[in-house]
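What follows is a set of notes on a single structure, which appears directly below.
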Amino acid sequence: MAQFFDKFSNDYKTLLDESLKLTGFDTSYFPTAKIKTLARLFPEFGRQPIKILDYGCGTGSLYPPIKKFFPQAIYQGTDLSDKMVQEAQALNNGADVFHAMKSQQWRQGAYDIILAANVFHHIPHTEHVSILKELRSLLTRQGKFILWEHNPWNPFTQKIVKDCVFDEDAVLVSPLQSKRLGRKTGFSKMRIVFTTFFPKSLAFMTVLEPWLEWLPLGGQYLLVAENPDSEK
Ligand SMILES: C[S@@+](CC[C@H](N)C(=O)[O-])C[C@H]1O[C@@H](n2cnc3c(N)ncnc32)[C@H](O)[C@@H]1O
């Protein structure tokens with residue numbers, strides 16, 4: 001069945017660049033910035049042969065920075081859109097790490113990190129909990145689930161989403177909704193980390209981000225959630 005993102009797979013980067021104009025950054029900035037933030041939040045994973053699942057990997061833009069900041073990580077990516085998966089392979093030298101949703105390969109957990117970056121606002125909200133439950137079952141005992149989302153409380157984010165052609169289907173997920181979803185899924189030890197505060201013209205202030213994680217005005221945020229088992 002054709003998926004919504006199939007029609008954007010060939011010019012995804014161009015369309016994303018267009019929608020990001022307001023920030024002053026282009027698409028090359030955000031994947032690295034995201035994974036740099038993850039490496040800062042989880043320094044213990046930086047030098048270990050961990051397993052990472054990139055759920056809704058799109059064109060695989062997070063794969064190169066993951067290889068850089070988590071050099072020993074074993075990466076697997078999957079996406080609902082087969083065309084996005086094919087594009088991810090093509091853009092990453094045919095790397096055999098991107099799998100169609102129907103493949104069983106990415107379902108061979110257990111993952112230390114499962115990351116869903118800017119994916120859940122494209123998924124009907126009625127499907128969230130069942131998908132999260134499956135992802136939760138693929139985590140190791142100490143594994144971290146990261147839901148990375150646009151922050152609907154930031155007016156610039158709202159504008160960017162409104163103007164972005166492939167966000168036509170988007171229904172943003174607020175930090176409070178994320179936490180509620182996490183609770184329904186059975187996650188524990190949840191925390192919200194706000195990020196992406198500054199446009200390119202103020203990029204020198206990005207060093208302040210670790211002190212602003214509590215401030216609900218970041219353009220994006222992460223829900224970090226763990227299995228209750230990890231408390232034992
Ligand atoms: C905005 S893109 C983000 C891609 C990538 N995570 C990134 O950060 O560059 C959203 C992706 O989510 C995928 N997607 C939508 N619904 C999905 C679902 N139910 N399961 C997995 N992926 C899904 C789309 O096909 C698309 O590739």
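Since the model is a prediction, treat every value here as computed from it, not as a measurement. Along the sequence shown, residues are numbered consecutively beginning with 1. Both ligands and their constituent atoms are indexed starting at 1 by order of listing.
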Please identify which atoms of ligand 1 are closer than 4.0 Å to at least one heavy atom of [X].
X: Gly58; answer: 4 (C), 27 (O)
X: Ser81; answer: 25 (O)
X: Met84; answer: 27 (O)
X: Cys57; answer: 5 (C)

Query raised in the report: Just heavy atoms, cut-off under 4.0 Å: does Ala116 contact ligand 1 by side chain, backbone, both, or neither?
Result: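 Neither part.
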
Query raised in the report: Does ligand 1 have a heavy atom under 4.0 Å from the side chain of Ile123, from its backbone, from both, or from neither?
Result: side chain

Query raised in the report: What do you reckon, does Ala117 have a nitrogen or oxygen under 3.5 Å from a nitrogen or oxygen of ligand 1?
Result: yes

Query raised in the report: Taking N or O atoms only and a 3.5 Å limit, does Asp79 qualify as a polar contact for ligand 1?
Result: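 It does: an N or O of Asp79 is found under 3.5 Å from an N or O of ligand 1.
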
Query - Asp167 CG to Lys162 NZ distance, which is reported to the nearest 0.5 Å - result: 12.5 Å

Query - Residue-ligand contact Phe30/ligand 1, heavy atom below 4.0 Å - result: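 No, that is not the case, since the closest heavy atom of the residue is not under 4.0 Å from the ligand.
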
Query raised in the report: Would you say Met101 contacts ligand 1, with heavy atoms under 4.0 Å as the rule?
Result: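 It does; at least one heavy atom falls under 4.0 Å.
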
Query raised in the report: Which one of Tyr12, Phe8, Tyr55 has a non-hydrogen atom at the shortest distance from atom 20 (N) of ligand 1?
Result: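 That would be Tyr55.
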
Report task. Kindly identify the option in Glu87, Lys13, His121, His122 whose heavy atom sits closest to atom 15 (C) of ligand 1. Result -> His122

[atom] [closest protein heavy-atom partner, distance rounded to 0.1 Å]:
atom: atom 10 (C) of ligand 1; result: Asn118 O, 3.5 Å
atom: atom 9 (O) of ligand 1; result: Ser61 OG, 3.2 Å
atom: atom 12 (O) of ligand 1; result: Val119 CG1, 3.6 Å
atom: atom 4 (C) of ligand 1; result: Gly56 O, 3.4 Å

Query raised in the report: Members other than Ile160 in its cluster, when Ile, Leu, Val, Met, Phe, Trp, Tyr link by side-chain heavy atoms under 4.5 Å?
Result: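 Answer for Ile160: Leu22, Phe156.
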
Query raised in the report: What about Phe70 and Phe45, are their ring centers closer than 6.0 Å?
Result: no

**Report entry** Phe98 and Tyr75 aromatic centres sub-6.0 Å
**Finding:**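 Judged by ring-centre distance (under 6.0 Å), Phe98 and Tyr75 do meet the cut-off.
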
Between [X] and [Y], do the side chains contain an N or O donor and an N or O acceptor separated by less than 3.5 Å?
X: Arg136; Y: Asn227; value: yes
X: Tyr29; Y: Thr23; value: no
X: Asp17; Y: Thr27; value: yes
X: Asp26; Y: Ser28; value: yes

Requested in this report: Identify, with sequence neighbours excluded, every residue that meets salt bridge (charged side-chain N to carboxylate O under 4.0 Å, His left out) alongside Arg191.
Outcome: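 In terms of salt bridge (charged side-chain N to carboxylate O under 4.0 Å, His left out), with neighbours along the sequence ignored, Arg191 is linked to no residue.
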
Requested in this report: Show your working on salt bridge (Lys or Arg N to Asp or Glu O under 4.0 Å) between Glu209 and Lys36 and close with a plain yes or no.
Outcome: CA-CA 12 Å; Glu209 287 212 351; Lys36 227 174 164 174; over 6 Å; no

